[in-house]
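Counting convention: from 1, in listed order, for ligands and their atoms alike.
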Amino acid sequence: MEKVIIVRYCEIHLKGNNRGYFEKVFQENLERALRGIRHEIRRPSGRYIVENFDESRADEIVARLSKVFGTHTLSVAYKVSADMDSIWSAVLAVAPQDGTFKVQTNRADKKFPLDSMQMNAEIGGRLLSANPRLKVDVHDPQHVVYIDIRENGTALVFGAYVKGAGGMPVGTAGRGMLLLSGGIDSPVAGYMIAKRGMQLEAIHFHSYPYTNLQAREKVEELARILSEYTCGLTLHVVSVTHIQEEIHRLCPAEMMITLLRRFMMRIAERIGKKTGAQCIVTGESLGQVASQTIEGITSSESVLERFPVLRPLIGFDKTEIIEISRRIGTYETSILPYEDCCTVFLPKHPLIRPDLAEVERAENKLDIEKLVGAALDSAETLRLS
Ligand code: ATP
Ligand code: MG
């Protein structure tokens, strides 16, 4: 009796002609998630079967695959030959010990001697006589024993569906540059957009030595957690210390954040153009803080030449964002204390509704090209997987 894992996918079937492509990317992502674990993946029809693995690692495989976007549900199943005796021994291995249950058979092989209703009755009856603590409840059972009789002379028997991450396979919806701070929001934004199939690269800006090395380690850890969902993640770490010092020296104090944001956008777009990205992704949510007003957003994105900015959290409340960050495992890291570069030289009264003309006038005092160039020279690139 061999243990296998059934992986069922989500919206991929909606994609008509592109179906083959989506399935190929999805399978590559499944393979990638299982790197380092011996296994084989087959695709009989409409789902994937992982087999030939060390059975003591089944839970680990399920945990990894449930994070692959595109995965709808998974089941650990027994694969047996499609005869009564073999199916019955697999049923005994997955059957509950007490409570209410029903048997649900799917018979793809119409040559199997019993039809699905007869099979449900037969196996249900056998379970009842084998275990007096069990009761049948076909409407609202505590447990279900699933029997899937395939056309190729095998049957899959399992007792549960595990929920997968949902969404679309990463790599099927373009590439984006995620502005990754050490806060709560941007990792969640990255998760949300990767869930729609976007491949991400992350970029983090620091103001070392005003910000410390722990701040950087924290961002690396966030990127690592995120990389479990994003099929690996490249992290660019860029210094903006010299930019903040120049803004501090030459521009009105209340414009620090407004101007710094514009530099972040420019730098992200420059790096993104080189690496084949097509847009910028941020964790902004409308009105959450002073810089996230529509005027602030207009000011920061007006410096972009070509890239649109995607803001998957724009309409979310902080409590909703926190809920997701807890679920995906970034929250505990995000709340560690640290200095963001935006808190260095933080003005007492940041501009809430920056006027674009005034911002551009203030910025004229800066040698933008030189500052951006120096930031690009400082960039370090790490690969997390
Ligand atoms: P977060 O929780 O993501 O830090 P926030 O609520 O603190 O967001 P801001 O600090 O105003 O909001 O930042 C808005 C967005 O700008 C962030 O979500 C992130 O995408 C980007 N950002 C801010 N600081 C940095 C940074 N140091 N490096 C990279 N991106 C940043
Ligand atoms: Mg922040």
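- Polar contact with ligand 1: absent for V281 (N/O pair, distance under 3.5 Å).
- The option from H206, E284, R261 that lies nearest to atom 9 (P) of ligand 1, judged by heavy atoms, is R261.
- When each of V50, I5, N52, I49 is checked for a side chain to side chain contact (heavy atoms under 4.5 Å, CB included) with I41, only V50 meets the rule.
- Judged by distance alone, the side chains of R383 and T234 do bring a donor and an acceptor atom under 3.5 Å apart.
- Polar contact with ligand 1: absent for P187 (N/O pair, distance under 3.5 Å).
- Short contacts between ligand 1 and T282, defined as distances under 4.0 Å to a heavy atom of the residue, involve ligand atoms 20 (O).
- Cluster partners of L128, using a side-chain heavy-atom cutoff of under 4.5 Å among ILVMFWY residues and allowing indirect links, are M1, Y78, V80, M84, I87, W88, V91, L92, V94, F101, V103, F112, L114, M119, I123, L127, L134, V136, V138, V145, I147, I149, V157.
- The shortest heavy-atom distance from V219 to ligand 1 is not under 4.0 Å.
- Taking the ring centre of F263 as origin, the terminal cationic atom of R266 falls inside the region bounded by 6.0 Å and 45° from the ring axis.
- When each atom of ligand 1 is checked for a heavy atom of S186 under 4.0 Å away, the hits are 1 (P), 3 (O), 18 (O), 19 (C), 20 (O).
- For the residue pair S186 and S181, a side-chain donor N or O sits within less than 3.5 Å of a side-chain acceptor on the partner.
- A cation-pi arrangement is present between K67 and Y229 under the rule of less than 6.0 angstrom and at most 45 degrees off the ring axis.
- Taking the six-membered ring for Trp and thresholds of 30 and 60 degrees, Y161 and Y146 have ring planes more than 60 degrees apart, a perpendicular arrangement.
- Checked by distance only, ligand 1 and M264 stay at 3.5 Å or farther apart across all their nitrogen or oxygen atoms.
- Interface atoms of ligand 1 facing I184, defined by a heavy-atom separation under 4.0 Å, are 2 (O).
- When non-hydrogen atoms are compared, ligand 1 lies under 4.0 Å from the backbone of I203 (N, CA, C, O) but not from its side chain.
- Neither the backbone nor the side chain of I257 comes within contact range of ligand 1; no heavy atom lies under 4.0 Å.
- Of all atoms in ligand 1, numbered sequentially from 1 with element shown, those under 4.0 Å from a heavy atom of G183 are 1 (P), 2 (O), 4 (O).
- Residue contacts with ligand 1: G182 is placed with no nitrogen or oxygen under 3.5 Å of a nitrogen or oxygen of the ligand (distance criterion only).
- Applying the side-chain contact (heavy atoms from CB on, under 4.5 Å) rule to I322 yields the partners I184, K318, R326, Y331; only residues at least two apart in sequence or on another chain are considered.
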